[in-house]
Amino acid sequence: MLNREKLLDAGEHAFRESSFSESGINDILASSGVPKGSFYHHFPSKEVFGIAVANRYNEAQIASAKKCLEDPSHPHIDRLRLFFEQAREDMRNRKFQQGCLMCNLSTELADERPAFQAVLDTHWRDMTAVVAECLSKVELSELGLEHLTSAQAADWLMNAWSGALTRMKASGNDEPLALFMRTVFKMKEQQQ
């Protein structure tokens, strides 16, 4: 693995474990095993590094979302449900701690650092666009969102999901995510 990738892996882990502000470069260097000079070769500042971590995380999230939401082997409504179920399973595997890196960085940095705000807003818009594309093939009345456009419904779903993730971190359990699933996919959840 290249030094840049090792640093990005260590950064993502550190930002999830604590926060961007609490993660020191020396700690990231120690956990990655990369020399200090390599850090500054790839990243001129901690902020540039943090944005690179956020960008790589977003690319992975978009790829995962597209894989699920564009899977022709499932009806569109099931693709949407599976998308959120996979994210829920990821949180379960993390013992309902750490949350979503994009949510965490948005909460911590978006209103304090303009460079992060611009990048994170773009990331949210990118993910919402992928969800909206799937929703454009869904009967929105199945979700109780027929009064919205596909883009608005996608935005609402992502806002509600990120709120559930924030609440999950506070409660330390699955209840907020389970409530989101029961609320959005009421008919589907009852059949399970």
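Residues Ser136 and Ser150 share a closest heavy-atom pair of CA-OG, 3.2 Å. Across all non-hydrogen atoms, the minimal contact from Leu29 to Val34 is CD2-O, 3.3 Å. Taking each heavy atom of Ser18 and Glu22 in turn, the nearest pair found is CB-OE1, 3.7 Å. Lys6 and Ser32 make their closest contact through O-CB, 3.7 Å (heavy atoms, listed as atom of the first residue, atom of the second, distance). Among all heavy-atom pairs drawn from Thr128 and Ala151, the shortest one is CG2-O, 4.1 Å. Closest approach of Met91 to Leu177, counting heavy atoms only: CB-CD1, 3.9 Å.
For the pair Lys46 and Phe20, the cation sits on the ring face: its NZ or CZ lies under 6.0 Å from the ring centre, inside 45° of the axis.
Remark: the Arg16 side chain and the His13 side chain contain no N/O donor-acceptor pair separated by less than 3.5 Å.
Here the side chain of Ser38 pairs no donor or acceptor atom with the backbone of Asn3 at under 3.5 angstrom. Looking only at distances, no side-chain donor or acceptor of Ser64 sits under 3.5 Å from a matching main-chain atom of Ala60.
Aromatic ring pairs are classed by plane angle as parallel below 30°, tilted from 30° to 60° and perpendicular above 60°; the pair Trp161 and Phe180 is perpendicular.
The aromatic ring centres of Tyr57 and Phe15 sit 6.0 Å or more apart.
Side-chain atoms of Phe49 and Ile25, non-hydrogen and from C-beta on, never get closer than 4.5 Å to each other. No side-chain heavy atom of Arg125 sits under 4.5 Å from any side-chain heavy atom of Asp155. Here the side chains of Val138 and Leu145 are not in contact, with every heavy-atom distance at 4.5 Å or above. Side-chain contact between Leu179 and Arg167: absent, with no pair of heavy atoms (C-beta onward) separated by less than 4.5 Å. Using a 4.5 Å heavy-atom cutoff, the side chains of Tyr40 and Pro35 are not in contact. Taking 4.5 Å as the limit, every side-chain heavy atom of Leu140 sits out of range of all side-chain heavy atoms of Thr149. Residues Val184 and Phe84 have side chains not in contact (no heavy-atom distance under 4.5 Å, counting atoms from C-beta outward). Between Gln152 and His147 there is no side-chain heavy-atom pair separated by less than 4.5 Å.
A distance of 10.5 Å separates CZ of Phe96 from CG of Leu165, quoted to the nearest 0.5 Å. Interatomic distance, Glu70 CD to Glu133 CD, rounded to the nearest 0.5 Å: 7.5 Å. Note that CZ of Arg92 and CE of Met168 are 11.0 Å apart. Values are rounded to the nearest 0.5 Å. For the atom pair CD of Gln117 and CG of Asp111, the computed distance is 7.5 Å after rounding to the nearest 0.5 Å. Within the model, atoms SG of Cys103 and CE of Met158 stand 7.5 Å from one another, a figure rounded to the nearest 0.5 Å. Note that NZ of Lys66 is 8.5 Å distant from CG of Asp126, once rounded to the nearest 0.5 Å.
The environment of NZ in Lys137 is crowded: more than 12 heavy-atom neighbours from other residues, nucleotides or ligands sit within 6.0 Å. Taking a 6.0 Å sphere around CD of Glu47, one finds it holds more than 12 heavy atoms contributed by other residues, nucleotides or ligands.
The only member of Leu109, Leu105, Asn55, Asn58 that meets side chain to side chain contact (heavy atoms under 4.5 Å, CB included) when paired with Val119 is Asn55.
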Worked check of side chain to side chain contact (heavy atoms under 4.5 Å, CB included) between Phe43 and Val53: CA-CA 11 Å; Phe43 310 104; Val53 169; over 6 Å; no

Steps toward side chain to side chain contact (heavy atoms under 4.5 Å, CB included) verdict (Leu82, Asp71): CA-CA 10 Å; Leu82 288 169; Asp71 180 355; over 6 Å; no

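Here Glu5 pairs with Arg56 in a salt bridge; the nearest charged N to carboxylate O distance falls below 4.0 Å. A salt bridge links Arg94 and Asp90; the closest N-O separation between the charged side-chain nitrogens and carboxylate oxygens is under 4.0 Å.
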